[in-house]
Amino acid sequence: MKKKNTDKIAGPGRLDYHQSVIQVPDHVLIPFIMGDGTGPDIWKASQPVFNTAVKHAYQGTRKISWREILAGEKAFKKTGNWLPEETLQAIKDFHLAIKGPLTTPVGGGIRSINVQLRHELELYACVRPVKYIKGVPSPVKRPQDVDMIIFRENMEDLYAGIEWQQGSKGAVKLLNFLEDTFWIKISDDAGLGLKPISIKNTKRLMRRAVQYAIAQKKQSVTIVHKGNIMKFTEGAFRNWAYEVAKDEFGDQTITEKECAERFRGKAPGDKIVIKDRIADAMFQQVLLRPAEYQVIAAPNLNGDYLSDALAAQVGGLGMAPGANIGDTAAVFEATHGTAPKYAGKDMVNPGSLLLSGAMMFDYLGWKEAAQFVRQAIEKTISQKIVTYDLARQMKGAKQVSCSGFGKAVCNNILKLKV
């Protein structure tokens with residue numbers, strides 16, 4: 001999606017859209033959700049970094065202001081609602097937000113606030129870039145080969161949350177319906193869930209993945225699925241994704257099969273290769289042959305697993321940024337959990353939120369600020385100034401607090417050439 005900066009600098013403004021072009025004022029008001037658990041720690045470390053990057057990059061010609069909006073435990077304590085309507089409306093109005101981690105109970109309790117945000121705002125693409133930063137400890141031999149971006153479908157698959165508890169009236173009714181109508185017998189003590197995958201959501205995810213590959217001059221897009229088993233959901237995801245590449249980007253793409261048959265496996269220089277991999281095989285591929293993959297399009301669950309598996313190769317979730325993006329809104333987020341046992345201790349790594357902020361600046365078209373954040377993080381790590389999670393794996397590291405890491409990144413931003 002195209003971006004255009006307006007010339008308003010006086011007061012903070014909001015993003016706007018005109019014929020799919022994002023209008024970005026020079027003074028942007030950005031809503032933020034601090035998050036639960038360690039969320040306040042990482043936000044307090046990150047906000048000064050974002051301010052410093054913008055101030056140093058643009059010398060007053062561009063500015064950001066912040067507005068806190070509530071979700072999670074803080075929202076519930078103040079309003080009795082885990083995700084207030086005012087928060088959703090603010091993101092709709094401003095088309096943008098950045099957030100820390102939010103509490104998600106396991107096996108019961110409230111519905112995931114993250115999933116609710118994505119559904120309510122129709123943020124259909126979870127975008128997770130994973131790239132190695134030199135000096136970060138890694139469990140693999142060649143982490144420098146990892147440079148991928150995952151486009152994970154956000155609206156459906158098993159994460160649609162359509163399920164019935166074991167023994168509930170709904171579960172019993174559905175079990176009886178399946179047996180009576182389709183002669184499908186399922187154990188009476190089973191909980192049930194549905195796995196919808198649609199043409200609409202598949203195609204718009206794949207469209208965004210291919211558009212990114214074209215804009216960033218990537219060599220391939222890989223569709224990851226389990227279509228050999230789930231033929232009419234994940235198999236259909238694969239087929240519909242190929243249709244997008246052929247019907248909408250036929251002049252710019254070529255399938256891996258066509259490449260092998262017509263060009264002896266070497267794609268023409270102006271073509272993006274579209275390929276697909278079975279999900280379990282792909283987990284092995286990203287460990288053994290990561291350099292062969294650049295852009296990945298996957299259904300919700302596969303994309304989730306794969307994102308975390310890749311993050312493990314480049315320093316863990318503490319170094320993994322992410323965003324949830326739709327056609328008229330985007331929410332950037334720390335991709336890790338709340339880590340409540342570390343809450344308020346000023347210990348955890350703010351890298352995920354910092355790098356998500358860099359993604360946010362890219363989204364605004366503020367490439368200079370984005371690069372300043374990334375370069376300063378890399379410089380800080382090269383100086384072996386790191387939080388405890390990395391320090392325990394690095395010889396000669398200087399362990400600093402969460403806020404201490406943020407301050408070091410700010411200092412390194414100010415040393416970068418404008």
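Positions are given from 1, in the same order as the sequence printed here.
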Chi angles and distances behind the side-chain contact (heavy atoms from CB on, under 4.5 Å) call for D280, K226:
CA-CA 8 Å; D280 44 333; K226 192 64 178 171; 3.1 Å; yes

Taken to the nearest 0.5 Å, the spacing of N300 CG from F237 CZ works out to 9.5 Å

Test salt bridge (Lys or Arg N to Asp or Glu O under 4.0 Å) applied to R289 and E292, step by step: CA-CA 6 Å; R289 303 163 72 172; E292 295 180 14; 2.8 Å; yes

| message | Under a 3.5 Å cutoff, is there a donor and acceptor pairing between the side chains of S198 and E156? | response | yes

The reported gap from CD in E122 to CG in D327 (rounded to nearest 0.5 angstrom) is 7.5 Å

### Task
Using modelled atom types only, decide if a donor and an acceptor are shared between the side chain of T222 and the backbone of I296 within a distance under 3.5 Å.
no

Rounding to 0.5 Å, atoms OH (Y159) and NZ (K195) come to a distance of 10.0 Å

Nearest heavy-atom approach of F405 to P350 is CD2-CG, 3.7 Å

Will you find, in the side chains of E153 and Y124, an N or O donor that is under 3.5 Å from an N or O acceptor?
no

Rounded to the nearest 0.5 Å, the OG1 atom of T103 sits from the CG atom of D36 at a distance of 3.5 Å

Counting C-beta onward and ignoring hydrogens, is there a side-chain heavy-atom pair between W164 and K173 closer than 4.5 Å? no

Check the pair E333, R118 against salt bridge (Lys or Arg N to Asp or Glu O under 4.0 Å), reporting the backbone distance first and the verdict last. CA-CA 12 Å; E333 64 180 356; R118 295 163 190 168; 3.3 Å; yes

Q.
Within a 6.0 Å radius of atom CD on E258, are there more than 12 heavy atoms belonging to other residues, nucleotides or ligands?
A. yes

Requested in this report: Would you please indicate if the ring centroids of Y388 and Y342 are separated by under 6.0 Å?
Outcome: yes

Can you find a pair of side-chain heavy atoms, one from L96 and one from M360, that are under 4.5 Å apart? yes

* To do: Run the ring-centre check on F332 versus Y363 and record whether the distance is less than 6.0 Å.
  => yes

Interatomic distance, OG1@T335 vs CG@D304, rounded to 0.5 Å, equals 10.0 Å

What one should report as the nearest heavy-atom pair of L353 and I42 is CD2-O, 3.9 Å

- Message: Donor-acceptor check, side chain of S356 to backbone of G322, threshold 3.5 angstrom: yes or no?
- Response: yes

Closest heavy-atom pair, S307 versus V130, reported as atoms and distance to 0.1 Å, is O-CG2, 4.5 Å

*asked:* Are the side chains of I254 and I274 in contact, using a 4.5 Å heavy-atom criterion?
replied: no

- Item | Trace of the side-chain contact (heavy atoms from CB on, under 4.5 Å) decision for F361 with K367 | CA-CA 6 Å; F361 290 140; K367 305 295 184 183; over 6 Å; no

task: Could you tell me whether E378 and K134 have a side-chain N and a carboxylate O separated by less than 4.0 Å?
output: no

(request) Please answer whether the main-chain N or O of C126 pairs with a side-chain N or O of N324 as donor and acceptor at a distance below 3.5 Å. (result) no

Rounded to the nearest 0.5 angstrom, the CD1-CZ distance for I133 and R374 is 9.0 Å

*Verify whether one side chain among Q89 and D93 offers a donor that lies under 3.5 Å from an acceptor in the other.*
yes

Quiz item: Are L287 and Q313 close enough that some pair of their side-chain heavy atoms sits under 4.5 Å apart?
Solution: yes

inquiry  = Would you say that more than 12 heavy atoms from the other residues, nucleotides or ligands in this model lie under 6.0 Å from the CZ of F263, or not?
reply    = yes

Notebook entry, point to check: Do I197 and M155 have side chains that get closer than 4.5 Å, going by heavy atoms?
Noted result: no

key: N412 side chain to T380 side chain, donor-acceptor N/O pair below 3.5 angstrom   = yes

- Task: For atom NZ of K92, decide whether the heavy atoms of other residues, nucleotides or ligands shown that lie under 6.0 angstrom number more than 12.
- Result: yes

query = What do the steps show when you test Y242 against V244 for side-chain contact (heavy atoms from CB on, under 4.5 Å), and what is the final call?
reply = CA-CA 5 Å; Y242 269 119; V244 170; over 6 Å; no

Check this for me: K271, atom NZ, are more than 12 non-hydrogen atoms of other residues, nucleotides or ligands nearer than 6.0 Å? yes

* Asked: Is a salt bridge present between E256 and R277, judged by a nitrogen-to-oxygen distance below 4.0 Å?
  -> yes

### Message
Checking the side chain of T87 only, and the main-chain atoms of L83 only, is there a donor and an acceptor separated by less than 3.5 Å?
### Response
no

ask   = Are any side-chain N or O atoms of H95 and backbone N or O atoms of D16, one a donor and one an acceptor, separated by less than 3.5 Å?
value = no

V24 and W366, any side-chain heavy atoms less than 4.5 Å apart: yes

### Query
Around F283, counting heavy atoms of other residues, nucleotides and ligands shown, do more than 12 lie under 6.0 Å from its CZ?
yes

Note: A53 and A369 closest approach over all heavy atoms is CB-O, 3.9 Å

Discussion item. Would you say that more than 12 heavy atoms from the other residues, nucleotides or ligands in this model lie under 6.0 Å from the CD of Q216, or not?
Written reply: yes

Exercise for review: State whether E179 and K185 are salt-bridged, where the test is any N-O pair (Lys NZ or Arg NE/NH1/NH2 against Asp/Glu carboxylate O) under 4.0 Å.
Suggested key: yes

inquiry  = Counting C-beta onward and ignoring hydrogens, is there a side-chain heavy-atom pair between K99 and V331 closer than 4.5 Å?
reply    = yes

Do the ring planes of W43 and F32 sit parallel (below 30°), tilted (30 to 60°) or perpendicular (above 60°)? parallel

>> When you measure from the side chain of T181 to the backbone of L178, do you find a donor-acceptor pair of N or O atoms at a distance under 3.5 Å?
In response: no

Next item on the list: Kindly say whether W82 contributes a backbone atom to a donor-acceptor pair with the side chain of K74 at under 3.5 angstrom?
Entry: no

Given side chains that start at C-beta, do those of M394 and V386 come closer than 4.5 Å, heavy atoms only? yes

ask   = Under 3.5 Å, is there a donor-acceptor pair between the side chain of N176 and the main chain of V172?
value = yes

Of all heavy-atom pairs linking T79 and P84, the shortest is OG1-CG, 3.8 Å

inquiry  = Quick one about Y132 and D145 (side-chain donor to acceptor, distance below 3.5 Å, no hydrogens or angles considered), yes or no?
reply    = no

Note: A343 and D41 closest approach over all heavy atoms is C-OD2, 3.9 Å

Tell me if a side-chain donor or acceptor on D346 pairs with a main-chain N or O of S403 at a distance below 3.5 Å.
yes

Review point. T338 side chain to T38 main-chain N or O, any donor-acceptor pair under 3.5 Å?
Key: no

Does atom NZ (K44) have a neighbourhood of more than 12 heavy atoms from anything else shown, all under 6.0 Å? no

Note to self: Test side-chain contact (heavy atoms from CB on, under 4.5 Å) on H336 and S352; report intermediate values, then the result.
What the structure shows: CA-CA 8 Å; H336 53 74; S352 176; 3.7 Å; yes

Which of R152, K275, M282 passes side-chain contact (heavy atoms from CB on, under 4.5 Å) with V224? Answer is M282

Is it the case that more than 12 heavy atoms not belonging to Q383 sit under 6.0 Å from its CD atom? yes

Using a strict cut-off of less than 4.0 Å between a Lys/Arg side-chain nitrogen and an Asp/Glu carboxylate oxygen, indicate whether D308 and R128 qualify as a salt bridge. yes

Item to complete: Would you please say whether a donor-acceptor pair under 3.5 Å links the side chains of H225 and D276?
Response: yes

